[in-house]
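Single-structure report; data block below.
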Amino acid sequence: MSSIIDQAFGIHARALALHGKRAETLATNMANADTPGYKARDIDFTAALKDAMQAGAPAMTRSNAAHIAPADASGGPQLMYRMPLQPSADGNTVDLQTEQGQFTENAIRHQASFTFLDGTIRNLMTAIKGE
C-alpha cells in the first residue's frame, strides 16, 4: 500500500482484509462441523496483522550468500489448528459454539474497522469539497 493510503486509513485497511480471511476460515470450520476427521483452523489475528503491517516496511536483504534468506511474508496469514476443548470420537475438532462465538466477534471487529474507514472517507470527501 502506498504511504498516502497508510497515513489516511492506518491499520484498518489491512485489518479489513484479515477479518475477511478469518471469517472465511471460521465459516469453513462451521460448514465442516459434522465431517469426520476435520480439524478446526483459525488465524492468530494479532500476529497476522503485525506481519501485514511489517510487510509494508522495507524488505530485508542478504549481504552475504551464506546468510539465510528472509521469510516471504506475502503468503498471507498463517492458518493454525484450533485446540479442541473436547475432541469428538470421529476425530473432528470443531466446537460449533466456539466457532459461532469467534465468527460473531470477528464480524463485530470487521464492522468497527469498516465504520472507521467510512468515517475517514467521509471526512476526506468533506475536505475535498470544501464544506
Side-chain angles (χ1 to χ4, degrees):
M1 285 189 171
S2 74
S3 61
I4 294 171
I5 292 174
D6 285 341
Q7 289 173 2
F9 301 133
I11 199 168
H12 295 283
R14 291 191 175 127
L16 277 178
L18 287 173
H19 284 302
K21 178 65 176 165
R22 185 163 189 234
E24 179 183 325
T25 302
L26 294 171
T28 300
N29 289 346
M30 289 187 283
N32 287 291
D34 295 327
T35 304
Y38 182 81
K39 307 296 182 203
R41 308 213 49 195
D42 200 357
I43 295 171
D44 181 358
F45 185 81
T46 305
L49 188 58
K50 181 180 175 185
D51 290 345
M53 292 306 293
Q54 289 177 348
M60 293 175 29
T61 58
R62 291 170 50 179
S63 60
N64 186 316
H67 293 164
I68 297 173
D72 182 18
S74 64
Q78 179 182 5
L79 289 174
M80 302 182 326
Y81 290 100
R82 187 184 302 279
M83 296 302 295
L85 299 174
Q86 184 173 358
S88 64
D90 66 0
N92 187 308
T93 62
V94 176
D95 178 9
L96 196 54
Q97 293 170 339
T98 299
E99 299 301 326
Q100 289 172 334
Q102 293 293 321
F103 189 86
T104 302
E105 179 186 348
N106 187 61
I108 291 169
R109 292 179 186 270
H110 182 273
Q111 185 62 40
S113 287
F114 183 76
T115 301
F116 177 82
L117 286 175
D118 183 53
T120 302
I121 291 169
R122 287 178 191 271
N123 287 341
L124 289 172
M125 291 301 292
T126 300
I128 290 169
K129 291 179 183 177
E131 297 175 354

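If you read the sequence from its start, that first residue is 1, and numbering goes on from there. Here the structure is a predicted model, which is why all the values come from computation and not from measurement.
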Donor-acceptor contacts, no H, no angles, side chain residues 121-129, under 3.5 Å, sequence neighbours left out:
unit_1: Arg122; atom_1: NE; unit_2: Asp118; atom_2: OD2; d: 3.0
unit_1: Asn123; atom_1: ND2; unit_2: Gly119; atom_2: O; d: 3.4
unit_1: Thr126; atom_1: OG1; unit_2: Arg122; atom_2: O; d: 2.9

With sequence neighbours excluded, residues passing side-chain contact (heavy atoms from CB on, under 4.5 Å) with Asp42: Arg22, Leu26, Arg82, Gln102
Just how far is it from atom OG1 of Thr93 to atom NZ of Lys39, taken to the nearest 0.5 Å? 5.5 Å
In short, salt bridge (charged side-chain N to carboxylate O under 4.0 Å, His left out) pairs touching residues 107-116 with sequence neighbours left out are Glu105-Arg109
Find out if a path of hydrophobic residues (ILVMFWY) with successive side-chain heavy-atom gaps under 4.5 Å connects Leu79 to Phe45. no
Residues that Ala23 engages under side-chain contact (heavy atoms from CB on, under 4.5 Å), provided they are two or more places apart: Phe103, Asn106
Met83 CE to Thr98 OG1 distance, which is reported to the nearest 0.5 Å: 13.0 Å
Check step by step if side chain to side chain contact (heavy atoms under 4.5 Å, CB included) holds for Glu99 and Val94. CA-CA 7 Å; Glu99 299 301 326; Val94 176; 3.8 Å; yes
Any chance you could lay out the side chain to side chain contact (heavy atoms under 4.5 Å, CB included) test for Asp95 and Gln86, step after step, and finish with the verdict? CA-CA 8 Å; Asp95 178 9; Gln86 184 173 358; over 6 Å; no
What's the spacing between Glu24 CD and Lys21 NZ if we round to 0.5 Å? 4.5 Å
Those residues at least two apart in sequence (or on a different chain) that pass side-chain contact (heavy atoms from CB on, under 4.5 Å) with Gln111 are Phe114, Thr115
Restricting to non-hydrogen atoms, name the atom on Asn92 and the atom on Ala33 that form the minimum distance, rounded to 0.1 Å. ND2-O, 3.1 Å
Validation row: Met80, Asp44 side chains within 4.5 angstrom (heavy atoms): yes
For Ser113, the side chain to side chain donor-acceptor pair (under 3.5 Å) test, sequence neighbours excluded, returns His12
Within the 4.5 Å heavy-atom criterion, are Gln78 and Ile43 side-chain neighbours or not? no
To the nearest 0.5 Å, what is the distance between NZ on Lys50 and CG on Leu18? 14.5 Å
Would you please name every residue forming a side-chain contact (heavy atoms from CB on, under 4.5 Å) with Asn32, sequence neighbours left out? Thr28, Thr35, Tyr38
